[in-house]
Undergrad: 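Submitted below is the structure of interest, expressed as structure tokens.
Computed from a predicted structure; not experimentally measured.
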Amino acid sequence: MTMNQACDVHRDTGYSNVCQICSVPLDAGYFDVAGIKAAPGNVGEEVEVARYELNPQYCGTMLYFTQYAEELNTKRQVLSNTPGYEWLILCNNQPRAPYLPTDLILNPWGYNALPIYLRLEEGCTLRFVVRKVTPPVGGGEVRLNLSQVGGRLLGRTWYNTIYGGTPNQR
């Protein structure tokens, strides 16, 4: 096998949509959406704090998310949990595992977020939603009243060559 071949296929045959060094698609671009809004007031209400729509025939990866919650009376940022409020990351209105509905602040706004690599399917509408719920009974938890909630979603998108053709070449 020569240097130009891998498994009997020449490297210059067809179009390679990934960087030979890091395997990231060559046409990958970033997205970064964020918002801070008034917290939902009644049980069952929800507020969409961030939204990103992938273009048709584009896939992606969510790399980071952050959360913001501010207490009503103290105007202080909540850093641990939000009993009575549920945080959801949805792709096409389906919860994304392992980030199923939770009342925890996993990545507080203004702190270093832990990187994640959550795959987003083609044309996905990515939403970050906060919903007011009835807090669980027992455990001695005090219901928290929030004045503002916020979220930020960061990630990458790229053209999926499975749909044919090649993306804009540089």
Side-chain angles (χ1 to χ4, degrees), residues 18-19 22-25 27-160:
V18 296
C19 173
C22 64
S23 299
V24 171
D27 64 328
Y30 288 94
F31 67 86
D32 184 350
V33 293
I36 296 178
K37 298 183 178 175
N42 299 317
V43 172
E45 286 183 9
E46 68 180 32
V47 173
E48 183 180 86
V49 293
R51 176 190 191 99
Y52 184 78
E53 295 182 30
L54 276 71
N55 292 322
Q57 301 179 346
Y58 276 69
C59 295
T61 302
M62 187 174 73
L63 301 174
Y64 299 94
F65 72 93
T66 58
Q67 300 159 271
Y68 178 80
E70 182 180 281
E71 286 186 79
L72 182 62
N73 297 327
T74 64
K75 301 291 183 190
R76 188 176 53 144
Q77 184 177 355
V78 178
L79 297 177
S80 57
N81 64 345
T82 56
Y85 296 87
E86 196 173 63
W87 300 82
L88 300 99
I89 296 175
L90 306 169
C91 188
N92 292 334
N93 290 323
Q94 298 297 314
R96 300 306 292 189
Y99 303 100
L100 299 175
T102 181
D103 66 351
L104 296 175
I105 301 287
L106 300 172
N107 286 319
W109 192 292
Y111 294 81
N112 288 336
L114 299 172
I116 59 170
Y117 298 94
L118 187 62
R119 182 65 186 229
L120 306 172
E121 57 267 5
E122 183 265 332
C124 165
T125 298
L126 185 63
R127 300 173 59 222
F128 200 2
V129 173
V130 180
R131 182 181 300 151
K132 188 157 188 175
V133 295
T134 304
V137 179
E141 288 189 20
V142 177
R143 181 178 218 143
L144 186 65
N145 286 317
L146 300 178
S147 60
Q148 293 184 334
V149 291
R152 183 177 182 188
L153 300 169
L154 293 91
R156 295 191 87 171
T157 64
W158 58 85
Y159 177 77
N160 190 342

Undergrad: Compile the donor-acceptor pairs under 3.5 Å between side chains in residues 86-100 and protein atoms, sequence neighbours left out, one pair per line.
TA:
unit_1: Glu86; atom_1: OE1; unit_2: Arg131; atom_2: NH1; d: 3.3
unit_1: Trp87; atom_1: NE1; unit_2: Thr82; atom_2: OG1; d: 2.9
unit_1: Asn92; atom_1: OD1; unit_2: Thr125; atom_2: N; d: 3.0
unit_1: Asn93; atom_1: OD1; unit_2: Arg127; atom_2: NH1; d: 2.6
unit_1: Arg96; atom_1: NH1; unit_2: Glu121; atom_2: OE1; d: 3.2
unit_1: Arg96; atom_1: NH1; unit_2: Glu121; atom_2: OE2; d: 3.4
unit_1: Arg96; atom_1: NH2; unit_2: Arg119; atom_2: O; d: 2.8

Undergrad: Whether the side chain of Tyr85 engages the backbone of Leu146 through a donor-acceptor N/O pair (distance < 3.5 Å, no angle test) should be reported.
TA: yes
Undergrad: Rounded to the nearest 0.5 Å, how far apart are OH of Tyr30 and OG1 of Thr157?
TA: 11.0 Å
Undergrad: Which heavy atom in Thr66 sits nearest to a heavy atom in Ala113, and how many Å separate them?
TA: CG2-CB, 3.8 Å
Undergrad: Should the pair Glu45-Lys132 be classified as a salt bridge under the 4.0 Å nitrogen-to-oxygen rule?
TA: no
Undergrad: Looking only at heavy atoms, which two atoms of Val130 and Val49 are closest? And how far apart?
TA: CG2-CG1, 4.3 Å
Undergrad: Roughly how far apart are Tyr64 OH and Arg152 CZ, rounded to 0.5 Å?
TA: 10.5 Å
Undergrad: What closest approach, in Å, do Thr61 and Phe31 show between heavy atoms, and which atom pair accounts for it?
TA: O-CE2, 4.2 Å
Undergrad: Donor-acceptor pair, Gln67 side chain versus Leu106 backbone, under 3.5 Å?
TA: yes
Undergrad: Locate the shortest heavy-atom distance separating Leu72 from Lys75; write the atom from each residue and the value.
TA: O-CE, 3.9 Å
Undergrad: What closest approach, in Å, do Glu122 and Gln57 show between heavy atoms, and which atom pair accounts for it?
TA: OE2-N, 2.7 Å
Undergrad: About how many Å separate CD1 of Ile116 and CG of Asn107, when rounded to the nearest 0.5 Å?
TA: 7.5 Å
Undergrad: Rounded at 0.5 Å granularity, tell me how far CG in Leu154 sits from OH in Tyr52.
TA: 11.5 Å
Undergrad: If you round to the nearest 0.5 Å, how far is CZ of Arg156 from CG of Leu120?
TA: 13.0 Å
Undergrad: Taking side chain as C-beta onward, heavy atoms only, is Arg51 less than 4.5 Å from Val33?
TA: no
Undergrad: Could you walk me through whether Phe65 and Leu118 pass the side-chain contact (heavy atoms from CB on, under 4.5 Å) test, one step at a time?
TA: CA-CA 11 Å; Phe65 72 93; Leu118 187 62; over 6 Å; no
Undergrad: Closest approach of Cys59 and Leu54, non-hydrogen atoms and distance?
TA: C-CD2, 3.4 Å
Undergrad: Is there a side-chain contact between Glu70 and Ser147, using heavy atoms and a 4.5 Å cut-off?
TA: yes
